[in-house]
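Just so you know, these numbers use all the heavy atoms, side chains as well, and skip hydrogens, waters and symmetry mates. Atoms within each ligand, like the ligands themselves, are counted from 1 in listed order.
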Amino acid sequence: MADLALGEIRYFESIGSTNDYAATWARDGAPECSLVIADEQTAGRGRGARHWFTPPGSALAMSLILRPEVPEESGQIMRITGLGAMGVSRALRQSYRLPAEIKWPNDVLIGGRKVAGVLAEASWIGDQLSAVILGIGINVAPGSVPPDDWAGHHERPFPATSVESALGAPVDRLVLLQIVLAELLSWLPRLSEPNFIQAWREKLAFLGDWVQVITSEADGGEKPPLEGQIINLNGDGSLRVRLRTGELKSLRVGEIHLRPVDSSLK
Ligand code: ATP
Ligand code: BTN
């Protein structure tokens with residue numbers, strides 16, 4: 001880790017959520033690119049109010065504290081979410097030869113199963129954006145995949161896997177961590193370059209496919225799913241889809257879940 005341009009590193013054997021700790025630490029003045037990492041999370045969070053399963057000894061759970069120069073929240077969150085998903089999928093592709101893809105906006109899939117999730121959150125001091133917390137959870141060993149009867153599953157759980165199951169071999173978590181961090185840090189200064197969007201686009205799952213676009217209302221209620229064909233990733237990181245009616249729509253990061261329309265995994 002010594003050769004990576006990180007700020008400070010804080011490691012915990014067990015913590016509630018690395019994202020929560022990082023948000024507090026960011027408000028207390030953590031240096032740029034500080035890292036919170038934990039072996040176990042007892043209150044790991046996914047998007048919305050959902051839980052993220054992180055039992056000890058089997059996963060990577062980390063949060064990187066970033067201090068974007070442009071204080072514009074939604075575009076930053078979208079690109080930084082893409083950065084997290086790109087960093088993980090490039091690490092898995094280049095160093096482990098795994099066919100990792102990005103399920104927009106925040107998931108990494110191998111063979112249509114979710115192996116990692118990204119949760120980028122803004123941390124505020126009053127009305128000033130003080131940091132963006134880039135949280136990443138990777139299922140490394142099979143024990144980190146939530147069991148079918150896990151109480152934290154939401155009503156539409158997506159099939160999951162682990163890096164070791166996909167590879168058929170053991171994986172050293174520290175080595176994987178270093179490779180992911182090196183990827184993240186190398187792309188970080190390039191988030192507004194077209195190359196970044198291009199590299200992200202190349203890893204998109206379901207490009208050209210029909211998907212169900214499930215949007216949740218802020219109060220937790222859901223609109224009926226729309227069906228759309230994924231056309232492109234826009235330059236700002238939003239997703240261009242064509243609806244059955246022919247209408248073109250750009251989806252921005254929010255409470256949106258994609259599901260393949262024709263999937264044997266469902
Ligand atoms: P989506 O429902 O499209 O995955 P999301 O990115 O918001 O949307 P969450 O609901 O926050 O995802 O994450 C939980 C989903 O991820 C569940 O579908 C679950 O099956 C899958 N998953 C894979 N690995 C884990 C894990 N370690 N902990 C929790 N959920 C996991
Ligand atoms: C998702 O798929 O919805 C995102 C899951 C993000 C999980 C990571 S684990 C490290 C960090 N701390 C958290 O509480 N969540 C993120």
Side-chain angles (χ1 to χ4, degrees), residues 10-12 14-25 35-65 77 80-82 84-85 87-88 101-121 123 132-166 173 177 180-181 184 205-206 211-216 220 222 225 239 251 253-260 263 265-266:
R10 293 191 181 170
Y11 168 77
F12 297 87
S14 183
I15 201 170
S17 153
T18 56
N19 264 36
D20 291 345
Y21 186 94
T24 306
W25 187 18
L35 180 71
V36 183
I37 175 132
D39 185 45
E40 174 189 27
Q41 292 184 118
T42 54
R45 293 185 291 108
R47 295 193 304 162
R50 289 185 295 280
H51 301 290
W52 184 259
F53 184 62
T54 320
S58 57
L60 277 173
M62 67 180 105
S63 300
L64 197 57
I65 298 173
I77 295 286
I80 289 173
T81 301
V88 174
E101 295 183 307
I102 298 172
K103 177 163 85 72
W104 187 94
N106 68 324
D107 297 336
V108 179
L109 309 182
I110 299 176
R113 294 178 179 273
K114 179 159 163 175
V115 71
V118 174
L119 180 65
E121 297 179 301
S123 163
V132 174
I133 310 301
L134 172 55
I136 300 180
I138 308 176
N139 301 337
V140 183
S144 57
V145 174
D148 288 345
D149 61 355
W150 180 50
H153 270 310
H154 65 89
E155 56 297 338
R156 228 178 294 94
F158 199 84
T161 190
S162 66
V163 183
E164 290 189 349
S165 312
R173 282 188 294 165
L177 171 67
V180 170
L181 288 171
L184 295 175
F206 313 132
V211 293
Q212 278 194 334
V213 181
I214 304 155
T215 54
S216 308
E222 272 187 10
L239 193 71
L251 308 177
V253 171
E255 272 299 277
I256 289 177
H257 307 264
L258 301 183
R259 292 288 180 274
S263 170
L265 290 168
K266 285 191 77 183

Worksheet item: Near R45, which atoms of ligand 2 are under 4.0 Å from a heavy atom of that residue?
Response: 5 (C), 6 (C), 7 (C), 13 (C), 14 (O), 15 (N), 16 (C)

Practice prompt. Could you list which atoms of ligand 1 come closer than 4.0 Å to a heavy atom of D107?
Written response: 1 (P), 3 (O), 4 (O), 6 (O)

Discussion item. Need the ligand 2 atom indices (1-based, order shown) with element for anything under 4.0 Å from a heavy-atom of W52.
Written reply: 2 (O), 5 (C), 7 (C), 9 (S)

Worksheet item: Any nitrogen or oxygen of N106, main chain or side chain, under 3.5 Å from a nitrogen or oxygen of ligand 1?
Response: yes

Practice prompt. Please verify whether a non-hydrogen atom of H153 lies at under 4.0 Å from ligand 1.
Written response: yes

Discussion item. Side chain or backbone, does R47 bring an N or O within less than 3.5 Å of an N or O on ligand 1?
Written reply: yes

Discussion item. With the threshold set at under 4.0 angstrom, would you say S144 reaches ligand 1 through any of its heavy atoms?
Written reply: yes

Item to complete: Ignoring angles and geometry beyond distance, decide whether P159 reaches within less than 3.5 Å of ligand 1 through its nitrogen or oxygen atoms.
Response: no

Item to complete: Below 4.0 angstrom from a heavy atom of V118, which ligand 2 atoms are there? Numbered from 1 as shown, please.
Response: 4 (C)

Worksheet item: Does ligand 1 have an atom that lies less than 4.0 angstrom from a heavy atom of G117?
Response: no

Fill in: Backbone or side-chain N or O of P146 under 3.5 Å from ligand 1 N or O
no

Worksheet item: Above 12 or not: heavy atoms from other molecules or residues under 6.0 Å from NE2 of H153?
Response: yes

Worksheet, complete the sentence: Closest heavy-atom approach to atom 3 (O) of ligand 2 among E121, M62, R47, H51 is made by R47

Worksheet item: R45: heavy atom below 4.0 Å from ligand 1, yes or no?
Response: no

Worksheet item: Can a non-hydrogen atom of V145 be found less than 4.0 Å from any atom of ligand 1?
Response: no

